Amino acid sequence: MKRAVYPGSFDPVTYGHLDIIERAASMAGHLIIGVLNNYSKTPLFSVEERVNMIKSLTKDMPNVEVKAFGGLLVDFVRANQADAVIRGLRAVTDFEYELQIAQTNRVIAPEVDTVFLATNLKYSYLSSSIVKEIAAYGGEISAFVPPEIREHVNRKMEDRTKIERNKGEECS
Ligand code: PNS
């Protein structure tokens with residue numbers, strides 16, 4: 001793999017993602033992390049915030065670049081002259097969906113291959129949604145995300161709580 005794209009929502013990036021990033025970066029000449037700017041989902045973090053958080057965590061990885069993208073993944077892959085897409089597989093449950101996406105992408109762009117990396121067993125249960133759910137209820141997330149991401153998530157949750165509280169006061 002000369003140039004590979006690792007796409008995702010990364011809302012927020014977890015230790016599971018970082019494990020895939022490190023391993024993919026050692027396999028590819030150049031790794032572009034594509035952070036999806038998805039208008040149909042309401043992410044916890046804006047795409048700029050997600051890009052900046054991953055940039056900060058990968059600043060010492062010379063062959064890793066982080067960019068936002070919207071639209072079709074294969075268009076982003078082509079625009080970056082990449083030849084492969086990296087996806088992590090946590091369990092069999094991921095496989096059906098991931099295979100469907102990989103096969104669809106290959107029909108649209110036959111020159112782009114998808115490479116699956118088996119997620120480290122340590123993180124096979126982990127997802128950004130679970131991290132957000134735990135943090136939303138005031139739970140501890142330090143086992144799942146690096147310290148600086150934990151701070152960002154907790155701050156976001158505090159901001160949300162304040163907004164909800166203010167809304168409640170306005171209504172009463
Ligand atoms: O981290 P996620 O949310 O599982 O990542 C999903 C992602 C970004 C890989 C997928 O939603 C995607 O590729 N979106 C871009 C739109 C696209 O190309 N769709 C066609 C294939 S489904």
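If you read the sequence from its start, that first residue is 1, and numbering goes on from there. This is a predicted model, so every value here is computed, not measured.
Looking at E98, its side chain never comes within 3.5 Å of a backbone N or O of E96 through a donor-acceptor pair. Panel note: side chain N63, backbone A28; a donor-acceptor pair is recorded below 3.5 Å. At distances below 3.5 Å, at least one donor-acceptor pair connects side-chain atoms of S46 with backbone N or O atoms of E49. Proximity of a side-chain donor or acceptor of T161 to a complementary backbone N or O of M157 within less than 3.5 Å is detected. Not a single donor-acceptor pair under 3.5 Å links the side chain of R50 to the backbone N or O of V13. When atom types are taken as modelled, the side chain of S128 and the backbone of P12 share a donor-acceptor pair closer than 3.5 angstrom. In this structure a side-chain-to-backbone donor-acceptor pair under 3.5 Å is missing from R150 to F144. At distances below 3.5 Å, at least one donor-acceptor pair connects side-chain atoms of R23 with backbone N or O atoms of A118. D11 places a side-chain N or O within donor-acceptor distance of the main-chain N or O of F45, the cut-off being under 3.5 Å.
Checking each of L36, I32, V85 against F76 for a side chain to side chain contact (heavy atoms under 4.5 Å, CB included) leaves exactly one that passes, namely I32. Each of H30, E65, K67 was checked for a side-chain hydrogen bond (donor to acceptor under 3.5 Å, both in side chains) with N80, and the lone residue meeting it is K67.
Minimum interatomic distance between R87 and G8 (heavy atoms only, all atoms of both residues): NH1-CA, 4.1 Å. Annotation for S56 and E148: closest pair OG-OE1, 2.7 Å, computed over non-hydrogen atoms.
Hydrophobic clustering, with ILVMFWY side chains joined whenever heavy atoms are under 4.5 angstrom apart, groups M27 together with V66. Put simply, M53 and F69 are part of two different groups of oily side chains (I, L, V, M, F, W, Y) that touch within less than 4.5 Å, one to the next. No path of Ile, Leu, Val, Met, Phe, Trp and Tyr side chains, each step under 4.5 Å between heavy atoms, connects V5 with V47, placing them in separate hydrophobic clusters. One hydrophobic cluster holds both I54 and L18 under the rule that ILVMFWY side chains link at heavy-atom gaps under 4.5 Å. No single ILVMFWY cluster, assembled from side-chain heavy atoms under 4.5 Å apart, contains both F116 and I21.
Using a 4.0 Å cut-off between charged nitrogen and carboxylate oxygen, R155 and D159 do not count as a salt-bridge pair. Contact check on D83 versus R3 returns no salt bridge, with no Lys/Arg side-chain nitrogen under 4.0 Å from an Asp/Glu carboxylate oxygen.
Atom-to-atom distance recorded for I20:CD1 and I86:CD1 is 8.5 Å, nearest 0.5 angstrom. Note: S9 OG to H17 NE2 = 8.0 Å, rounded to the nearest 0.5 Å. Here CG of D19 is found 7.0 Å from OG1 of T119. Values are rounded to the nearest 0.5 Å. Put simply, CZ on R106 and OG1 on T114 are 8.5 Å apart, with the number rounded to the nearest 0.5 Å. A distance of 7.0 Å separates CE in M61 from CD1 in I33, rounded to the nearest 0.5 Å. One distance of note links CG of N120 with OH of Y15; it measures 13.0 Å at 0.5 Å rounding.
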TODO: Start with the C-alpha gap between L57 and I149, add the side-chain angles, then the distance that decides, and say whether side chain to side chain contact (heavy atoms under 4.5 Å, CB included) holds.
DONE: CA-CA 9 Å; L57 293 167; I149 304 298; 3.7 Å; yes

- [ ] Give the C-alpha distance, both sets of side-chain angles, the deciding distance and a yes or no for side chain to side chain contact (heavy atoms under 4.5 Å, CB included) between L31 and M1.
- [x] CA-CA 9 Å; L31 180 69; M1 282 184 293; over 6 Å; no

- [ ] Show your working on side chain to side chain contact (heavy atoms under 4.5 Å, CB included) between R78 and E111 and close with a plain yes or no.
- [x] CA-CA 9 Å; R78 281 175 169 156; E111 77 282 12; 2.7 Å; yes

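Few gaps surround CD on E151; more than 12 heavy atoms of other groups in view lie less than 6.0 Å from it.
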